[in-house]
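All remarks here apply to the structure that follows.
All heavy atoms count here, side chains included; hydrogens, waters and symmetry mates do not. The chains referred to below are lettered A, B, ... by the order of the sequence lines, with proteins before strands, and numbering in each begins at 1.
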Amino acid sequence: MEPTLNNPFRRSVVKGLLGTTSFWMASGNARWAEALAAEAAQPYQPAFFNAAEYQFLESACERLFPADHNGPGAKALGVAEFLDRQMQTPYARGENWYMSGPFEQGPANLGYQLPFVPKDLYRKGIAGVEHYARQQYGKGFSALSALQQDEILTALEGGSVQLGDIPGRVFFEQLRTNTLEGAFADPLYGGNRGLGGWIMLGFPGARADFMDWVNQEGASYPIGPVSISGETA
Amino acid sequence: MVKHIDAIIVGAGWAGSIMAKELTEAGLSVVMLERGSERTTPVEGAYPESIDELRGAIRKRLFQNLSQSTLTIRNTMDQTALPYRQLAAFLPGEGVGGAGLHWSGVHFRVAPEDLRLRSAVIERYGEKFIPEGMNLQDYGVSYDELEPFFDKAEKVFGTSGEAYKVQGKIVGDGNVFSPDRSDNFPLPAMEDTFSASVFRDAAKNAGYHPYSLPAANASRQYTNTYGCQMGPCNFCGYCSGYDCYLYSKASPNVNILPVLRQDPRFSLIPNAHVLRVDLDSTKTKATGVTYLDTKTRKETSLSADLVILGAFQFHNVHLMLMSGIGKPYDPISNTGTVGRNFVYQTITSSRVWLPPSTYTNQFVGAGGAGVAIDDFNSMNFDHGPLGFVGGSPVWVNQAGVKPIAAALGAGGGGTPRWGSAYKDSLVNTYKHSLGIDAHGSNMAYRDVYLDLDPTWKDAYGQPLLRMTFTWKDNDIRMNQYVVSKIEPIARAMGATKMNLVHLNAGQPFDTRTYQTTHLGGGAIMGENPQTSAINRYLQSWDVSNVFVIGSNAFPQGMGYNPTGMVAALAYWAAHHIRTTYLKSPGPLVKA
């Protein structure tokens, strides 16, 4: 059955869709866009992260991608919501990663070798950062000043912190990657709210027709973005 | 009861689809086995769902699912190779169309001297010029022999380009280093994007010879040799990593399979993972293949007179090793051929910023379009004083930069990768910069090769392929030399800032960042069965009813993108199967 706005089963159908491998890997899914868009427009209740974890994400993602003179930050763009929704997809379960053992560590340039899929990295990583924050500053991450939060993120990025089983740098890179995805993915997935990420970059979204703009001698493209579901800004 | 067919083809990408078309034309019954899922452009390519960056290039919808099968990688023979667990450095395809569905569309022929690089280097610089440990080899086939098949492939792919010389006459402003052609490109060159036009002017003023990249992106409406139709490209920017919603980028799915699927002699079985080619007791004749239905997990054997391996480069090598076709390469004793001469390409991407009043609109683009110079490619310049073998085209190939990819790549190299300063640089870079690539060759070495991993297995219980690969001094110095030529061009383009990226001495191959999917070699063609796995017709020296088609045949990684060469080699092999082999099956070349 095709999900449509009038279909009373829409929400469950859409939820099912994002969780399936076929949506992400295989066939096309005619007209799923409008259903996903409607889903993304609803008030959001986190399903994977608990309240404390979600609060951590709201704070940490905003430091990685802060609101400033360039445009909105992670919070206004809905990045935490994007992350929670992603945790319910095959990606979070590592379904297209090779996850067979043994898991031996080696030089960094030979790539990721941990036995953890993204949802494990988040669960363990967030707990690890909260523990580190209390140890170093006596408070949870979200209660710290922006400066202190930046110090922690810098330490994670620099590789000097171990978060239990997980190197701090691994968690940092996972969080940075997914935060930027949430800022710039189509709003279908809950982030890039109001197309704010795309407006910042001057990216026209799903217009995908530049026949007249192949070479305009360096002029700025004049039309604002449109999303896959037809949202404009 | 084992079903018998005339020919089995492994893999539904370009190589397999071309071979299937040729063999059905010859009257053979053909079964094509594809381990991935069915994919047709009207379904997967439909706008706007097809142009979703998250689901597409980021979550890697059209690429190989590593959870089922991957390889292990190490830099040197004394290391333990570790699994390539997450797609990054290279992105093999999976599903009908293979990597031919998600490629960019740069569609080159070959620099003629690259086909006889060993001979050319010795003629010009002497044998001592070749570094110790470098397995420099000739292909055993010449450009003149392949020319009709390059021409044939371009007319199937609907290739856009500007010729230089046709039948000995200069006909246009094409690549002055390119060889003679029997005919023009079927379509005129793609228009220059703004960034490419700026590069063209600066390169010309610097005394170089810019040309339009040959692109299997249709610059006009086109109906190909088989009656398949393509629509004109609108520079939407969704080529690499995507299925073209406009039917403008050539793919097996658009340019060959629509007619093949209507042929009663042809059948395509998706979700069929080939486990091995079955050999008879003499190990010199294939009897068919055994595959696993990945949905039902049921094994099936098919019998056939002819087996064509047309899977991705390293999957062809893996299948040969798993089947016992040819002798595995051993770098210690320097014997055996399967796994020998594994090669890559030496590619670095530099960035140039134009003034803030100038917008490069990087989202505008086409995967195959752009402007290149060949002044530092192949044997087009004097290597004598430089002391390295190989070269790189240099180009601006604005293929359409998407926001997530731009954001992930911004910052680094001493500049912030997050926070407000990062946002400043991301926005500035996205709006006002452009990329220039040195897209270079990579030579083969005795201790760079493919074999079977002793530890890790795929989802079907077979050992993973093991890659032993790192950057070598010859190729690092080649890359550094060519990148040094970018700086004056970038200055002439009006650069306000530039970030010239080259490999550094001793830098190991890093599996974590995308470089290129242009892997090659491992089952190379040649004239000597001691140093090549397949003969000049891409026929196994050891099992004469097995042909192995793909970039696995390349003895060296060339500066050009490989697909045009793979297509020409497929048509070349098919021609000799049709005109000679089928009349009298057996080795086409005496070992």
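- Residues A:Tyr98 and B:Trp456 keep their aromatic ring centres 6.0 Å or farther apart.
- B:Ser212 and B:Arg200 share a donor-acceptor pair across their side chains, judged by distance under 3.5 Å alone.
- Using modelled atom types and a 3.5 Å distance limit, the side chains of B:Tyr47 and A:Asp209 yield no donor-acceptor pair.
- Here the two rings, on A:Phe210 and A:Tyr221, have centers that are under 6.0 Å apart.
- Using a 4.5 Å cut-off between heavy atoms, A:Glu157 touches chain B through its side chain atoms alone.
- Proximity to chain A (any heavy atom under 4.5 Å) is restricted, for B:Ile58, to the side chain, taken from C-beta onward.
- The interface of residues 113-122 of chain A with chain B, defined by heavy-atom distances below 4.5 Å, comprises A:Gln113.
- Contact of A:Asp212 with chain B is not made at all, since no heavy-atom distance falls under 4.5 Å.
- For chain B, no part of A:Ala183 is nearby; none of its heavy atoms comes within less than 4.5 Å.
- Remark: the B:Ser195 side chain and the B:Gln398 side chain contain an N/O donor-acceptor pair separated by less than 3.5 Å.
- The part of B:Leu464 that comes within reach of chain A is its side chain, from C-beta onward, which places non-hydrogen atoms under 4.5 angstrom from that chain.
- No donor-acceptor distance shorter than 3.5 angstrom exists from the side chain of B:Arg39 to the backbone of B:Gly95, with no hydrogens or angles considered.
- Checked by atom type, the side-chain pair B:Thr41/B:Asp243 shows a donor-acceptor distance below 3.5 Å.
- With a 4.5 Å cut-off on non-hydrogen atoms, A:Ala219 touches chain B through its backbone but not through its side chain.
- Your options are A:Gln105, A:Gln86, A:Glu62, and the one with the most heavy-atom pairs under 4.5 Å with chain B is A:Gln86.
- Contacts between A:Pro102 and chain B at a heavy-atom distance below 4.5 Å involve backbone atoms as well as side-chain atoms.
- Only the backbone of A:Glu95 comes within contact range of chain B, judged by heavy atoms closer than 4.5 Å.
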